[in-house]
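Written below as structure tokens is the structure these notes are about.
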Amino acid sequence: MKGNGVGNNEEKMIQEGTGKEPEAAMENSHRFFENRACQYFPCHKELADFNCLFCYCPFYGKKNCPGAPRYIEADGKRIKDCTDCVFPHRPENYDRICRILSETAQEQS
């Protein structure tokens with residue numbers, strides 16, 4: 001493991017995911033992570049830059065989310081279906097996601 005805490009495998013994934021040198025990729029690594037080794041990658045095929053940082057959408061349980069979910073009826077229940085929503089996977093939405101999560105946490109305290 002190198003001094004920056006990134007092992008060779010992680011370094012290789014970072015390089016592959018961003019197309020940048022490891023040092024440049026690490027600069028914003030807290031904002032972006034692409035796991036090409038995941039068996040489900042990519043779970044949404046229409047994105048070039050795919051952020052896996054929010055693999056499980058933090059807004060799934062929210063009534064009003066910033067994404068574009070659809071709702072389906074099953075067994076008399078309304079179920080949120082985020083299959084076609086890519087909001088949490090777009091790298092440019094990182095700041096907005098963090099802001100919404102922060103505002104939600106403040107409202108709950």
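Numbering of residues begins at 1 and proceeds along the displayed sequence. Please read all numbers here as calculations on a predicted model, not as lab measurements.
Partners of Cys55 under the side chain to side chain contact (heavy atoms under 4.5 Å, CB included) rule, at least two apart in sequence or in another chain, do not exist in this structure.
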Start with the C-alpha distance between Asn51 and Arg90, add both sets of side-chain angles, then the distance that settles side chain to side chain contact (heavy atoms under 4.5 Å, CB included), and finish with yes or no. CA-CA 6 Å; Asn51 193 354; Arg90 292 186 180 280; over 6 Å; no

Verdict with supporting geometry, Lys80 and Cys65, side chain to side chain contact (heavy atoms under 4.5 Å, CB included): CA-CA 11 Å; Lys80 189 175 190 177; Cys65 74; 3.5 Å; yes

Just do the side chain to side chain contact (heavy atoms under 4.5 Å, CB included) check on Phe41 and Gln39 with the steps written out, would you? CA-CA 6 Å; Phe41 183 86; Gln39 67 178 341; over 6 Å; no

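The two residues Ala68 and Cys85 come nearest to each other via the heavy atoms N-SG, 3.3 Å.
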Result block: side-chain N/O donor-acceptor pairs under 3.5 angstrom for residues 94-104, not counting sequence neighbours:
residue: Asp95; atom: OD1; partner: Arg31; partner atom: NH1; Å: 2.9
residue: Asp95; atom: OD1; partner: Arg31; partner atom: NH2; Å: 3.4
residue: Asp95; atom: OD2; partner: Arg31; partner atom: NH2; Å: 3.0
residue: Thr104; atom: OG1; partner: Lys62; partner atom: NZ; Å: 3.3
residue: Thr104; atom: OG1; partner: Ile100; partner atom: O; Å: 2.9

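Hydrophobic clustering (ILVMFWY, side-chain heavy atoms < 4.5 Å, transitive): Tyr56 and Ile79 are in one cluster.
Considering only heavy atoms from C-beta on, Cys57 stays 4.5 Å or farther from Cys82 through its side chain.
Within the structure, every pair that satisfies the ring pair (Phe, Tyr, Trp, His ring centres under 6.0 Å) test and touches residues 57-93, not counting sequence neighbours, is listed here: His44-His89, Phe50-His89.
For the atom pair CD (Gln108) and CD (Gln106), the distance works out to 11.0 Å, reported to the nearest 0.5 Å.
Within the 3.5 Å criterion, the main-chain N or O of Lys77 finds no donor-acceptor partner in the side chain of Asp75.
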